[in-house]
2 protein chains.
Amino acid sequence: MKKAPTAPTTPVKIAYHHGDLRRSLLDAALGLVATHGVQGFTLREAARAANVSHNAPYRHFPSRTHLLIELAIEGQGHLLKALQSAVARSADHRERLVRLGIAYMEFAMAHAAHFRVMFSSDVARNRTGELKAAQDTTFRFFESELLSSEQAGLMHGGTVQQNALVGWSALHGAAMLVLDGVLDNTAVAARRKPREIAKVVIESLLTGILVR
Amino acid sequence: MKKAPTAPTTPVKIAYHHGDLRRSLLDAALGLVATHGVQGFTLREAARAANVSHNAPYRHFPSRTHLLIELAIEGQGHLLKALQSAVARSADHRERLVRLGIAYMEFAMAHAAHFRVMFSSDVARNRTGELKAAQDTTFRFFESELLSSEQAGLMHGGTVQQNALVGWSALHGAAMLVLDGVLDNTAVAARRKPREIAKVVIESLLTGILVR
DNA sequence: CAACGATGTTGACGCCGTCAACTTGTCGCG
DNA sequence: CGCGACAAGTTGACGGCGTCAACATCGTTG
């Protein structure tokens with residue numbers, strides 16, 4: 001009813017009925033989360049945005065929550081890539097750590113929808129093994145960066161794991177507080193850009209961790 | 001139909017029909033959030049728990065979100081009190097800061113439902129001035145504690161406001177990550193109690209901030 | 001070319017938040 | 001003492017939601 005039968009509009013690979021509904025739904029969901037928040041996201045609205053019936057999503061995701069979990073896994077992958085590439089351009093250990101912190105904060109701001117889904121509590125509550133694994137990988141990347149610094153003789157206190165915990169916590173907390181606007185009325189963060197907040201946080205952490 | 005007309009069961013103040021429905025609804029909501037999460041909380045279920053009709057809550061809260069906001073304000077008050085009383089029992093500045101950090105983490109664990117509501121994103125999205133003010137007060141308490149330490153000549157780097165930002169971020173991030181179970185698979189946090197995680201975080205922070 | 005499985009649709013169910021209209025109980029004022 | 005106003009609670013309705021079951025369609029594969 002929609003297309004000429006012998007010539008699909010998107011010529012390439014798989015195009016059963018829709019093209020790639022799974023991808024379209026994930027994209028639509030991301031947009032809806034960006035505008036309406038995680039709670040405001042609706043399966044039916046995502047289906048509408050993809051021009052399919054309200055039950056079509058169930059051919060690709062067992063439930064609304066599972067769609068969000070897929071988004072979260074995807075977001076973790078993007079975050080990991082962002083952190084890796086932020087670090088890649090420098091050989092100086094201290095600078096790598098600073099860039100790592102800034103990249104974390106900037107990812108949270110630039111991909112707020114993904115970030116919110118990744119750490120939304122109802123997703124956390126039904127977390128699958130795959131999502132846990134993705135989160136672990138991110139934490140291990142923090143650890144591996146700190147391990148490099150330690151092996152270079154730059155660390156002075158705490159184990160690598162402890163410092164990774166503190167570092168991740170501080171960056172994550174700052175990102176959350178900024179994202180939720182909790183810091184808007186405070187003197188420090190009022191006029192500062194997220195990038196500068198990240199710098200303050202990471203520099204302060206490094207002062208405590210690195211040798212002097 | 002329920003009570004003797006001249007002797008209300010709760011003798012003191014106001015007791016129109018129910019006693020104190022507003023309070024009952026807040027309590028019921030807190031319990032529901034604890035068991036079903038913020039998203040799983042339902043106005044109708046809270047009403048059922050309070051033995052009133054599904055529309056009775058609207059005589060006390062303009063919407064579901066506003067009930068949650070009231071819970072969040074209440075929680076901020078409790079958090080502030082917890083932080084204040086944790087600090088009160090010591091005169092040593094360093095110890096006060098350690099206790100402050102531990103109290104933050106322990107509040108998040110012991111009152112997880114309140115804490116989740118306080119920082120749930122849909123509440124943040126519709127935050128009222130009153131909630132903002134309550135959050136500001138908490139931040140200012142962090143600042144005032146650090147200010148005391150600085151005036152005692154204990155600080156060595158960063159402004160009070162910067163250090164308050166970093167400290168709150170780290171504690172908040174750690175609390176969030178623990179609460180969501182993100183750290184469960186990591187080596188540091190696997191077997192540790194929240195209290196010990198808080199210690200690791202706060203000690204590491206103090207190493208960077210305090211004079212040596 | 002026929003059958004099969006993956007993909008998408010229709011319709012229904014119960015629950016939800018919210019609005020409007022109604023009832024009931026309480027208190028202040030003449 | 002009575003009455004009227006107003007706060008508190010109820011009933012019923014509406015549309016939207018997530019999800020289930022049954023049905024329709026289409027590409028692929030034997």
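In what follows, chains are A, B, ... by sequence order, proteins preceding strands, each numbered from 1. Scope of the values below: all heavy atoms of this structure, side chains included, with no hydrogens, waters or symmetry mates.
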Rounded to the nearest 0.5 Å, what's the gap from [atom1] on [X] to [atom2] on [Y]? Could you check?
X        : Y        : atom1 : atom2 : value
B:Ser53  : B:Arg44  : OG    : CZ    : 9.5 Å
B:Thr186 : A:Phe142 : OG1   : CZ    : 12.5 Å
A:Ile202 : A:Leu100 : CD1   : CG    : 6.5 Å
B:Glu145 : B:Gln84  : CD    : CD    : 9.5 Å
A:Leu30  : A:His111 : CG    : NE2   : 9.0 Å
A:Arg94  : A:Ser149 : CZ    : OG    : 10.0 Å

Check: B:Gln76/B:Thr137 side-chain N/O donor and acceptor closer than 3.5 Å: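 Judged by distance alone, the side chains do not pair up.
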
What parts of residues 60-70 of chain B reach DNA chain D, counting only heavy atoms under 4.0 Å away? B:His60

Tell me which residues in residues 28-41 of chain A put a heavy atom below 4.0 Å from DNA chain D, sorted by number, or none.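 Those residues: none at all.
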
Can you tell me how far [atom2] of [N] sits from [atom1] of [X], to the nearest Å?
X       : N      : atom1 : atom2 : answer
B:Asn51 : D:dA8  : CG    : P     : 19 Å
A:Leu43 : D:dG18 : CG    : P     : 5 Å
B:Tyr58 : C:dC16 : OH    : P     : 12 Å
A:Arg59 : D:dC23 : CZ    : P     : 14 Å

Between A:Ser90 and A:Arg99, is any pair of side-chain heavy atoms under 4.5 Å apart? yes

Going by the salt bridge (charged side-chain N to carboxylate O under 4.0 Å, His left out) test, which pairs reach into residues 101-118 of chain A, not counting sequence neighbours?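 Counting only pairs at least two positions apart or across chains, the salt bridge (charged side-chain N to carboxylate O under 4.0 Å, His left out) contacts touching residues 101-118 of chain A are A:Glu106-A:Arg195, A:Arg116-A:Asp180.
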
Pair listing, salt bridge (charged side-chain N to carboxylate O under 4.0 Å, His left out) test, anchored in residues 55-76 of chain B, at least two apart: B:Arg22-B:Glu70, B:Arg23-B:Glu74, B:Arg64-B:Asp122

Does the ring centre of B:Phe115 sit less than 6.0 Å away from the ring centre of B:His172?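 When the ring centroids of B:His172 and B:Phe115 are compared, they turn out to be within the sub-6.0 Å range.
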
Please list, for nucleotides 12-15 of chain C, all pairs of protein and nucleotide N/O atoms separated by less than 3.5 Å.
none

Axis-to-axis angle across the helix from C:dC1-D:dG30 to C:dG30-D:dC1, five pairs an end, to 10 degrees?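 Between the axes fitted at each end of the helix from C:dC1-D:dG30 to C:dG30-D:dC1 lies an angle of 10°.
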
Counting heavy atoms not belonging to B:Glu130, are there more than 12 under 6.0 Å from its CD? no

Got a donor-acceptor contact below 3.5 angstrom from the B:Ser204 side chain to the B:Val200 backbone?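 No, the answer is negative, given that no donor and acceptor are paired below the 3.5 Å cut-off.
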
